[in-house]
> 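Supplied in C-alpha coordinates, the structure appears directly below.
We use all heavy atoms of the structure for the numbers below, so side chains are in, but hydrogens, waters and symmetry mates are not. So you know, we letter chains A, B, ... as the sequences are listed, proteins then strands, and number each from 1.
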Amino acid sequence: MSGASNGHSMEVTLPAIPDRLEPLFVRFRHWCRSIASPADSFAAELLLREALTNAVVHGCKCDPALEVSCRVRINSRRILIGVSDAGGGFDWRAPRHRDESAGCGRGIDILHLYGSRVRFNNKGNAAFILKRLAKEKSQMTNGDTEHV
Amino acid sequence: MSSTTITTNEDGAIVQPAGDVTATSAPELRSALKGVIAGGARAVTVDFSNVQMLDSAGIGLLIATHNSLAKVSGKLSVVRASAEIMDLFQMMRIHQHFSVSGE
(Lines give C-alpha, C1' and ligand atoms only; values in the text may rest on other atoms or scores of the structure.)
Protein backbone atom coordinates (compact mmCIF):
# COMPACT_ATOMS: atom_id res chain seq x y z
CA MET A 1 0.00 0.00 0.00
CA SER A 2 1.29 3.41 -0.82
CA GLY A 3 -0.13 6.61 0.52
CA ALA A 4 -0.27 8.76 3.59
CA SER A 5 -2.80 9.41 6.32
CA ASN A 6 -3.33 11.79 9.19
CA GLY A 7 -6.21 12.56 11.49
CA HIS A 8 -8.36 14.15 8.80
CA SER A 9 -7.49 12.72 5.43
CA MET A 10 -6.17 9.59 3.77
CA GLU A 11 -5.04 8.87 0.26
CA VAL A 12 -4.20 5.35 -0.84
CA THR A 13 -3.48 3.54 -4.09
CA LEU A 14 -3.33 -0.23 -4.07
CA PRO A 15 -3.52 -3.17 -6.46
CA ALA A 16 -6.92 -4.73 -7.12
CA ILE A 17 -6.41 -7.61 -4.68
CA PRO A 18 -9.34 -8.13 -2.25
CA ASP A 19 -7.10 -9.20 0.66
CA ARG A 20 -5.23 -5.90 0.47
CA LEU A 21 -8.36 -3.98 1.45
CA GLU A 22 -8.92 -5.33 4.96
CA PRO A 23 -5.99 -3.55 6.68
CA LEU A 24 -7.27 -0.30 5.20
CA PHE A 25 -10.77 -0.93 6.57
CA VAL A 26 -9.37 -1.75 10.01
CA ARG A 27 -7.37 1.46 10.05
CA PHE A 28 -10.37 3.45 8.85
CA ARG A 29 -12.55 1.94 11.61
CA HIS A 30 -10.22 3.09 14.37
CA TRP A 31 -9.99 6.47 12.75
CA CYS A 32 -13.79 6.93 12.43
CA ARG A 33 -14.50 5.78 15.95
CA SER A 34 -12.25 8.47 17.33
CA ILE A 35 -14.24 11.12 15.49
CA ALA A 36 -17.81 9.99 14.88
CA SER A 37 -20.68 8.29 16.73
CA PRO A 38 -21.02 4.48 16.51
CA ALA A 39 -23.85 4.77 13.98
CA ASP A 40 -21.92 7.21 11.78
CA SER A 41 -18.72 5.16 12.09
CA PHE A 42 -20.60 2.05 10.97
CA ALA A 43 -22.16 3.92 8.05
CA ALA A 44 -18.85 5.46 6.95
CA GLU A 45 -16.99 2.15 7.07
CA LEU A 46 -19.81 0.40 5.21
CA LEU A 47 -19.73 3.06 2.48
CA LEU A 48 -15.96 2.71 2.11
CA ARG A 49 -16.18 -1.08 2.04
CA GLU A 50 -18.88 -1.11 -0.64
CA ALA A 51 -17.14 1.48 -2.83
CA LEU A 52 -13.71 -0.17 -2.62
CA THR A 53 -14.91 -3.76 -2.87
CA ASN A 54 -17.00 -2.79 -5.88
CA ALA A 55 -13.96 -1.18 -7.52
CA VAL A 56 -11.70 -4.18 -6.88
CA VAL A 57 -14.15 -7.03 -7.53
CA HIS A 58 -16.42 -5.62 -10.24
CA GLY A 59 -14.41 -2.72 -11.65
CA CYS A 60 -11.04 -4.46 -11.90
CA LYS A 61 -12.22 -8.10 -11.77
CA CYS A 62 -9.56 -8.66 -9.09
CA ASP A 63 -6.80 -8.16 -11.66
CA PRO A 64 -3.66 -7.43 -9.56
CA ALA A 65 -2.13 -5.55 -12.49
CA LEU A 66 -4.83 -2.87 -12.12
CA GLU A 67 -4.92 -0.27 -9.37
CA VAL A 68 -7.62 1.27 -7.22
CA SER A 69 -7.27 4.73 -5.70
CA CYS A 70 -9.08 5.97 -2.64
CA ARG A 71 -9.26 9.40 -1.01
CA VAL A 72 -11.06 10.01 2.26
CA ARG A 73 -11.55 13.28 4.11
CA ILE A 74 -13.39 13.63 7.38
CA ASN A 75 -14.31 16.47 9.67
CA SER A 76 -16.87 16.88 12.41
CA ARG A 77 -19.69 17.39 9.94
CA ARG A 78 -19.06 15.04 7.03
CA ILE A 79 -17.04 12.29 5.43
CA LEU A 80 -16.03 12.47 1.78
CA ILE A 81 -15.01 9.28 -0.01
CA GLY A 82 -13.64 9.14 -3.53
CA VAL A 83 -12.81 5.79 -5.13
CA SER A 84 -11.63 5.25 -8.68
CA ASP A 85 -10.36 2.18 -10.50
CA ALA A 86 -8.64 1.29 -13.74
CA GLY A 87 -11.50 -0.90 -14.93
CA GLY A 88 -14.00 -0.30 -17.69
CA GLY A 89 -16.67 1.22 -15.45
CA PHE A 90 -20.39 0.44 -15.39
CA ASP A 91 -23.57 2.06 -16.61
CA TRP A 92 -24.86 3.64 -13.43
CA ARG A 93 -27.65 5.34 -15.41
CA ALA A 94 -29.24 2.01 -16.38
CA PRO A 95 -32.38 1.13 -14.40
CA ARG A 96 -31.65 -1.30 -11.60
CA HIS A 97 -33.91 -4.31 -11.24
CA ARG A 98 -33.72 -5.31 -7.63
CA ASP A 99 -34.29 -8.97 -6.89
CA GLU A 100 -34.66 -9.16 -3.14
CA SER A 101 -34.09 -12.91 -3.03
CA ALA A 102 -30.83 -12.72 -5.03
CA GLY A 103 -27.57 -13.44 -3.27
CA CYS A 104 -25.78 -10.39 -4.69
CA GLY A 105 -26.32 -6.92 -6.11
CA ARG A 106 -26.90 -4.82 -3.01
CA GLY A 107 -23.70 -2.78 -2.93
CA ILE A 108 -24.96 0.17 -4.97
CA ASP A 109 -28.24 0.17 -3.01
CA ILE A 110 -26.23 0.48 0.20
CA LEU A 111 -24.26 3.43 -1.20
CA HIS A 112 -27.51 5.26 -1.90
CA LEU A 113 -29.13 4.27 1.41
CA TYR A 114 -26.20 5.33 3.61
CA GLY A 115 -24.65 8.12 1.54
CA SER A 116 -26.07 11.63 1.76
CA ARG A 117 -24.93 12.17 -1.83
CA VAL A 118 -23.54 9.66 -4.33
CA ARG A 119 -22.10 10.56 -7.74
CA PHE A 120 -20.31 8.61 -10.47
CA ASN A 121 -18.18 9.86 -13.34
CA ASN A 122 -19.39 9.37 -16.91
CA LYS A 123 -17.45 6.16 -17.41
CA GLY A 124 -18.67 4.69 -14.16
CA ASN A 125 -15.23 3.83 -12.79
CA ALA A 126 -15.11 6.55 -10.13
CA ALA A 127 -17.52 7.11 -7.24
CA PHE A 128 -17.79 10.16 -5.00
CA ILE A 129 -19.71 9.77 -1.76
CA LEU A 130 -20.64 12.36 0.83
CA LYS A 131 -21.89 11.27 4.23
CA ARG A 132 -23.13 13.97 6.57
CA LEU A 133 -22.49 13.13 10.20
CA ALA A 134 -25.37 13.37 12.63
CA LYS A 135 -23.26 14.81 15.38
CA GLU A 136 -19.74 14.88 16.66
CA LYS A 137 -18.62 12.14 18.97
CA SER A 138 -17.57 14.74 21.51
CA GLN A 139 -21.03 16.31 21.44
CA MET A 140 -22.65 12.92 21.73
CA THR A 141 -20.65 11.83 24.74
CA ASN A 142 -20.79 15.18 26.51
CA GLY A 143 -24.33 16.20 25.78
CA ASP A 144 -26.46 13.09 25.27
CA THR A 145 -25.53 10.95 28.25
CA GLU A 146 -28.65 9.64 29.96
CA HIS A 147 -28.81 9.56 33.74
CA VAL A 148 -31.17 7.68 36.02
CA MET B 1 -6.70 -16.26 11.53
CA SER B 2 -10.25 -16.13 12.86
CA SER B 3 -12.51 -19.11 12.58
CA THR B 4 -16.18 -19.88 12.84
CA THR B 5 -17.57 -21.80 15.82
CA ILE B 6 -20.24 -24.40 15.07
CA THR B 7 -22.46 -25.99 17.71
CA THR B 8 -24.87 -28.65 16.53
CA ASN B 9 -27.96 -30.08 18.21
CA GLU B 10 -30.71 -32.52 17.22
CA ASP B 11 -32.14 -30.65 14.25
CA GLY B 12 -30.06 -27.56 14.01
CA ALA B 13 -26.84 -25.69 14.35
CA ILE B 14 -25.60 -22.47 15.86
CA VAL B 15 -22.93 -20.87 13.73
CA GLN B 16 -20.91 -18.10 15.36
CA PRO B 17 -18.51 -16.15 13.14
CA ALA B 18 -15.40 -15.03 15.01
CA GLY B 19 -15.56 -11.57 13.46
CA ASP B 20 -17.10 -9.44 10.75
CA VAL B 21 -19.23 -10.87 7.96
CA THR B 22 -17.89 -9.14 4.87
CA ALA B 23 -16.53 -9.83 1.40
CA THR B 24 -13.24 -10.81 3.04
CA SER B 25 -14.65 -13.32 5.51
CA ALA B 26 -17.69 -14.56 3.55
CA PRO B 27 -15.95 -17.55 1.91
CA GLU B 28 -15.10 -19.13 5.27
CA LEU B 29 -18.59 -18.57 6.66
CA ARG B 30 -20.15 -19.83 3.41
CA SER B 31 -18.19 -23.03 3.78
CA ALA B 32 -19.33 -23.45 7.39
CA LEU B 33 -22.99 -22.83 6.53
CA LYS B 34 -22.90 -25.18 3.55
CA GLY B 35 -21.35 -27.80 5.80
CA VAL B 36 -24.05 -27.66 8.48
CA ILE B 37 -26.86 -27.75 5.88
CA ALA B 38 -25.19 -30.68 4.10
CA GLY B 39 -24.92 -32.35 7.49
CA GLY B 40 -28.69 -32.20 7.93
CA ALA B 41 -29.22 -29.09 10.03
CA ARG B 42 -32.54 -27.45 9.20
CA ALA B 43 -32.78 -24.82 11.93
CA VAL B 44 -29.64 -22.75 11.46
CA THR B 45 -28.92 -19.85 13.80
CA VAL B 46 -26.13 -17.40 13.05
CA ASP B 47 -24.92 -15.76 16.25
CA PHE B 48 -23.68 -12.23 15.53
CA SER B 49 -22.15 -11.66 19.00
CA ASN B 50 -18.70 -11.05 17.51
CA VAL B 51 -19.85 -9.26 14.37
CA GLN B 52 -19.25 -5.52 14.21
CA MET B 53 -19.59 -5.11 10.44
CA LEU B 54 -21.82 -6.66 7.79
CA ASP B 55 -21.57 -5.64 4.14
CA SER B 56 -23.48 -6.47 0.96
CA ALA B 57 -21.45 -9.66 0.41
CA GLY B 58 -22.40 -10.80 3.91
CA ILE B 59 -26.05 -9.97 3.33
CA GLY B 60 -25.89 -11.89 0.06
CA LEU B 61 -24.47 -14.90 1.88
CA LEU B 62 -27.27 -14.81 4.46
CA ILE B 63 -29.92 -14.55 1.71
CA ALA B 64 -28.31 -17.45 -0.20
CA THR B 65 -28.29 -19.53 3.01
CA HIS B 66 -31.94 -18.68 3.63
CA ASN B 67 -32.75 -19.75 0.03
CA SER B 68 -30.89 -23.06 0.48
CA LEU B 69 -32.67 -23.79 3.75
CA ALA B 70 -36.08 -22.86 2.32
CA LYS B 71 -35.62 -25.51 -0.36
CA VAL B 72 -35.36 -28.20 2.33
CA SER B 73 -38.05 -26.70 4.59
CA GLY B 74 -35.41 -25.30 6.89
CA LYS B 75 -35.14 -21.97 8.64
CA LEU B 76 -32.42 -19.36 9.14
CA SER B 77 -32.24 -16.99 12.10
CA VAL B 78 -29.75 -14.29 12.98
CA VAL B 79 -29.44 -13.45 16.66
CA ARG B 80 -27.53 -10.95 18.83
CA ALA B 81 -26.97 -8.43 16.05
CA SER B 82 -25.75 -4.95 17.00
CA ALA B 83 -28.04 -1.91 16.76
CA GLU B 84 -26.22 -0.74 13.63
CA ILE B 85 -26.61 -4.11 11.92
CA MET B 86 -30.29 -4.28 12.93
CA ASP B 87 -30.72 -0.89 11.23
CA LEU B 88 -29.03 -2.27 8.11
CA PHE B 89 -31.33 -5.33 8.12
CA GLN B 90 -34.30 -3.02 8.46
CA MET B 91 -33.24 -0.73 5.61
CA MET B 92 -32.49 -3.68 3.33
CA ARG B 93 -35.77 -5.34 4.38
CA ILE B 94 -33.91 -8.49 5.37
CA HIS B 95 -36.35 -9.16 8.21
CA GLN B 96 -38.94 -10.01 5.52
CA HIS B 97 -36.87 -13.05 4.54
CA PHE B 98 -35.80 -14.53 7.87
CA SER B 99 -35.82 -13.82 11.59
CA VAL B 100 -33.34 -11.27 12.91
CA SER B 101 -32.94 -10.14 16.50
CA GLY B 102 -30.65 -7.79 18.36
CA GLU B 103 -28.35 -7.92 21.34
> How would you list, by chain and number, every residue that makes a side-chain hydrogen bond (donor to acceptor under 3.5 Å, both in side chains) with B/Asp20, sequence neighbours excluded?
A/Arg29

> Please classify the contact of B/Leu54 with chain A as side chain, backbone, both or neither, using a heavy-atom distance under 4.5 Å.
backbone

> Using a heavy-atom cutoff of under 4.5 Å, enumerate the residues of residues 41-59 of chain A that contact chain B, numbered in order, or state 'none'.
A/Phe42, A/Glu45, A/Leu46, A/Arg49, A/Glu50, A/Thr53

> For A/Tyr114, is it the side chain, the backbone, both or neither that has a heavy atom under 4.5 Å from a heavy atom of chain B?
side chain

> Within the 4.5 Å heavy-atom criterion, are B/Met91 and A/Ile110 side-chain neighbours or not?
no

> Count I, L, V, M, F, W, Y as connected when their side-chain heavy atoms are under 4.5 Å apart, and connections chain through other members. Are B/Leu29 and B/Ile6 then in the same cluster?
yes

> Please classify the contact of B/Ser82 with chain A as side chain, backbone, both or neither, using a heavy-atom distance under 4.5 Å.
neither

> If I compare all heavy atoms of A/Pro38 with all of B/Glu84, which pair ends up nearest, and what's the gap?
CB-OE2, 3.6 Å

> Should B/Ile14 and B/Val21 be counted in the same cluster of Ile, Leu, Val, Met, Phe, Trp and Tyr side chains packed under 4.5 Å apart?
no

> Do A/Val68 and A/Trp92 land in one hydrophobic cluster if side-chain heavy atoms of ILVMFWY residues count as linked below 4.5 Å?
yes

> In this structure, would A/Leu133 and A/Leu130 fall into the same cluster of hydrophobic residues linked by side-chain contacts under 4.5 Å?
no

> Applying a heavy-atom distance below 4.5 Å, give me the residues of residues 33-52 of chain B that approach chain A, sorted by number.
B/Gln52

> Would a hydrophobic clustering, with Ile, Leu, Val, Met, Phe, Trp and Tyr connected at side-chain separations under 4.5 Å, put A/Leu113 with A/Ile129?
yes

> Who pairs with A/Arg117 by salt bridge (charged side-chain N to carboxylate O under 4.0 Å, His left out), at least two apart in sequence or on another chain?
none

> Just verifying a value: how many Å separate B/Ile59 CD1 and A/Arg106 CZ, rounded to the nearest 0.5 Å?
6.5 Å

